[in-house]
*Asks:* 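Encoded as structure tokens, here's the structure I'll be asking about.
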Amino acid sequence: MKNQKGIATLEIIIAMVLIVLAISAVLPLVSSSQSASVDSETNQEALYKAEALLENARAAAKLDFNLVNPVSATGDSIYQKSLSVEQVGLYTKKVTSHVTWDAEGNRNLNIQLSTLLTNASGVDTAGPSTCSSVLTGEWSNAQTTSISVADSVGGNPVTGVDARDGKLYVTTANLQGAAANDFYIYDISQNPKNPTLIKAINTGSGLKGVAVAEDYAYVANTSRTAQLQVIDIHNANNPTVIANYKLTNVTGTGSQALGNTIFYANKKVYLGLTAAATGPEFNVINVSNPNVPVRIGSYDIGQTVNSIFVKNTFAYVASADTEELKVLDISNPAGGISEVGGVNETTGTGSTVYGVGDTTYLGTTTTSNQFYILDDSKITTTSNSGEINPPLLERSGLTAVITYEQSAGGASVASRSYYRGITNTQLTTKIPGGPSAQKNDFATGAEFYDLYTSDANGTPNPKGVYFTIDVYTPGGKPNIGSGGNIDAVELRFQNGTSMYANSVARVVNGTDLSGDYTTTHGYASRALGKPDSRGLTGITYLGNQHASLTLGFPAMPVSPVIASVDVGNQGVLGILVRDYLAFVTTTSQVQIYNIADAPETGKIPAPIKVIETSNGQQITTGTSIECEGNYLYLASHDTSNNQGSITIIYPGT
């Protein structure tokens with residue numbers, strides 16, 4: 001029995017040992033299974049993150065191909081994510097997403113996904129389409145060189161450059177008469193730092209800019225007989241002018257109404273002129289058939305157009321107008337072009353404009369800040385995201401509220417402005433019982449007016465965002481002879497800009513109106529917009545006795561300025577943005593700024609590099625800083641020998 005107990009005890013011990021051994025053998029298997037399960041989950045999550053990086057790049061490409069750029073590594077508690085971008089062709093980028101993480105057992109795992117993105121529109125888009133936004137090399141150690149333009153001796157500065165498909169197209173002014181060439185084609189495919197002349201021709205009176213698309217160069221011509229010329233460049237050894245296009249209904253003398261700047265997009269040329277005596281300075285020209293250009297729309301800027309940049313259905317126009325930048329809706333040029341936004345930040349002139357994605361870059365010539373980064377959503381009044389509507393009299397910079405009234409009693413109708421002597425107290429207070437001959441804010445003959453801020457229903461409100469005009473006309477003339485003849489109401493601001501009433505919130509007609517005068521509420525809508533000086537057909541007829549009109553105004557836009565910087569008293573001549581670097585030119589410098597953090601900080605730091613042009617070299621024009629591959633080309637002039645030149649910028653090592 002004792003032996004049996006001993007055997008049983010031994011068997012139990014052996015069994016326990018076997019169980020322990022079995023458990024020990026199973027545990028690694030369980031641990032391995034758990035690791036495999038965790039790896040599977042993290043692999044799947046990493047795959048999602050890698051795919052998301054590529055999807056973000058695809059979305060950016062649809063908005064603007066120049067937004068497809070490398071993304072530095074960022075991490076969360078587990079993963080490190082980054083995006084690398086390689087320019088593999090003029091219109092193609094290879095995009096690779098990288099996701100790495102540490103797994104159990106000191107294992108470093110990673111996933112990489114790659115795709116090719118193509119800028120399909122780049123084939124038919126002039127401007128920076130062949131300029132890679134992917135930065136390579138050391139731009140904080142950027143280098144410069146220059147070449148003289150072959151036969152531009154005698155004061156013919158280079159006025160325009162465009163790089164495309166291994167060639168550089170150059171325009172010059174022609175100050176030397178009929179014998180001087182003004183259009184040049186250079187080969188930059190073999191040695192980008194030393195362009196080789198292929199061919200030069202004389203087109204006439206001289207050129208001020210060039211935009212190349214497919215087999216054609218579109219040039220702004222300094223002539224009123226043909227402000228646009230089209231040059232066939234399919235054979236670079238024999239460029240030929242195939243069209244000279246004169247803009248009708250545009251007149252001027254001397255330097256007026258000449259071609260000054262040009263932009264091409266989607267088979268349309270956007271041509272800006274020097275200030276014209278009459279006619280529009282901004283013109284949209286259909287070049288679907290380059291041999292037969294046709295103007296399909298225009299807009300009167302009233303000043304010289306210095307630079308144009310087109311994004312989607314908007315044209316951004318930098319000009320000598322008091323509003324340095326105007327944004328025009330060009331969605332239907334034939335149906336009419338309208339201004340939908342603008343920027344008036346300084347007393348200077350808009351000299352150049354450039355755009356990437358939802359951001360616009362503006363250069364001005366002024367003694368204050370001259371380089372601006374702007375948020376598109378706060379430039380255009382078509383977006384509500386950047387608008388506020390404060391009390392009417394608390395709008396920033398408001399200096400006057402001006403009511404334009406025209407008396408209809410005589411054949412000669414004069415417009416009058418009423419604001420002098422009307423205090424803010426008067427403009428926030430309704431006259432008890434309404435205006436009269438004894439008490440009013442202003443009077444014209446037998447018409448007596450009371451003006452005050454209000455709610456939409458005409459109720460007086462010192463903090464109101466609406467403006468009410470009460471009128472009392474004791475006379476009894478019917479319809480066109482009645483009172484309440486309002487032409488416009490203007491809000492005038494300290495910076496010289498104005499805003500006009502744009503909606504009728506409420507109208508109460510007086511007596512003696514009939515027919516159409518009643519059904520259209522005394523033509524109340526004629527009080528909207530700017531004073532039109534159209535005499536009796538441009539004013540309201542609110543009627544006799546007591547009448548009232550309540551008007552609304554556009555919302556007050558928030559400043560679109562993300563950041564700005566003073567580049568020096570020379571002002572900005574040209575801007576080109578590549579990824580997170582902005583290349584800004586003045587007369588004698590190229591300043592390179594890292595603007596990656598500007599949206600968050602609201603500041604543009606000091607330039608990472610300032611390149612002084614070599615002795616005698618001066619950068620000459622605002623729209624001509626172009627790029628192909630990793631090289632920038634600038635229109636310039638060598639004052640030491642009075643010859644046109646091309647300045648070339650490239651990264652150091």
*Asks:* Hey, what do you get for OG (Ser148) to CG (Leu197), rounding to the nearest 0.5 Å?
*Replies:* 12.5 Å
*Asks:* Determine, stepwise, if the pair Ser351 / Asn306 fulfils side-chain hydrogen bond (donor to acceptor under 3.5 Å, both in side chains).
*Replies:* CA-CA 6 Å; Ser351 54; Asn306 292 319; over 6 Å; no
*Asks:* Could you please spell out the steps behind the side-chain contact (heavy atoms from CB on, under 4.5 Å) verdict for Val317 and Phe263?
*Replies:* CA-CA 11 Å; Val317 180; Phe263 191 94; over 6 Å; no
*Asks:* Going by the salt bridge (Lys or Arg N to Asp or Glu O under 4.0 Å) test, which pairs reach into residues 306-327, not counting sequence neighbours?
*Replies:* Lys311-Asp376, Asp321-Lys326, Glu323-Lys326, Lys326-Glu339
*Asks:* With Lys208 as reference, evaluate Thr159, Asn260, Thr172, Asn221 under the side-chain hydrogen bond (donor to acceptor under 3.5 Å, both in side chains) test and give the passing residue.
*Replies:*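 The option that passes is Asn260.
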*Asks:* So which pairs with a foot in residues 270-308 pass ring-ring contact (aromatic ring centres under 6.0 Å, His included), sequence neighbours left out?
*Replies:* none
*Asks:* Sequence neighbours excluded, which residues qualify as side chain to side chain donor-acceptor pair (under 3.5 Å) partners of Thr278?
*Replies:* Thr251
*Asks:* Output all residues satisfying side-chain contact (heavy atoms from CB on, under 4.5 Å) with Phe493, sequence neighbours left out; order by chain, then residue number.
*Replies:*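 Testing Phe493 for side-chain contact (heavy atoms from CB on, under 4.5 Å), a comparison that skips the adjacent residues, returns Arg395, Leu398, Leu491, Asn495, Thr497, Met499, Met556.
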*Asks:* Check side-chain contact (heavy atoms from CB on, under 4.5 Å) between Thr313 and all other residues, then give those that pass, not counting sequence neighbours.
*Replies:* Ser331
*Asks:* Is the centre of the Tyr316 ring less than 6.0 Å from the centre of the Phe309 ring?
*Replies:*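 Tyr316 vs Phe309: aromatic centres not under 6.0 Å.
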*Asks:* Can you list everything that forms a ring pair (Phe, Tyr, Trp, His ring centres under 6.0 Å) with Phe583? Sequence neighbours excluded, please.
*Replies:*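 Ring pair (Phe, Tyr, Trp, His ring centres under 6.0 Å) check on Phe583 returns Trp139.
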*Asks:* Sequence neighbours excluded, which residues qualify as side chain to side chain donor-acceptor pair (under 3.5 Å) partners of Asp358?
*Replies:*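 So Asp358 forms no side chain to side chain donor-acceptor pair (under 3.5 Å) with any residue.
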*Asks:* Name all residues meeting the side chain to side chain donor-acceptor pair (under 3.5 Å) criterion together with Arg224; count only those two or more places apart in sequence or in a different chain, and write none if there are none.
*Replies:* none
*Asks:* Give every residue pair that meets the ring-ring contact (aromatic ring centres under 6.0 Å, His included) criterion with at least one member in residues 202-222, sequence neighbours excluded.
*Replies:*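 The answer is Tyr218-Tyr264.
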*Asks:* Checking Ala217 now: which residues fulfil side-chain contact (heavy atoms from CB on, under 4.5 Å) with it, not counting sequence neighbours?
*Replies:*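 For Ala217, the residues satisfying side-chain contact (heavy atoms from CB on, under 4.5 Å) (neighbours in sequence not counted) are Phe183, Val210, Val212, Ile231, Ile233.
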*Asks:* Do you know which of Val343, Val327, Val353 makes side chain to side chain contact (heavy atoms under 4.5 Å, CB included) with Thr360?
*Replies:*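 Testing each of Val343, Val327, Val353 against Thr360, the sole residue satisfying side chain to side chain contact (heavy atoms under 4.5 Å, CB included) is Val353.
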*Asks:* Suppose we screen for side chain to side chain donor-acceptor pair (under 3.5 Å). Which residues come up paired with Ser133, at least two apart in sequence or across chains?
*Replies:* Asn69, Lys93
*Asks:* How about Glu490 and Ser498: does a side-chain donor come under 3.5 Å of a side-chain acceptor?
*Replies:*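 The criterion, which ignores hydrogens and geometry beyond distance, is satisfied for Ser498 and Glu490.
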*Asks:* Could you pull out all residues at least two apart from Thr92 that satisfy side-chain contact (heavy atoms from CB on, under 4.5 Å)?
*Replies:*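 Residues passing side-chain contact (heavy atoms from CB on, under 4.5 Å) with Thr92: Val88, Leu116, Thr118.
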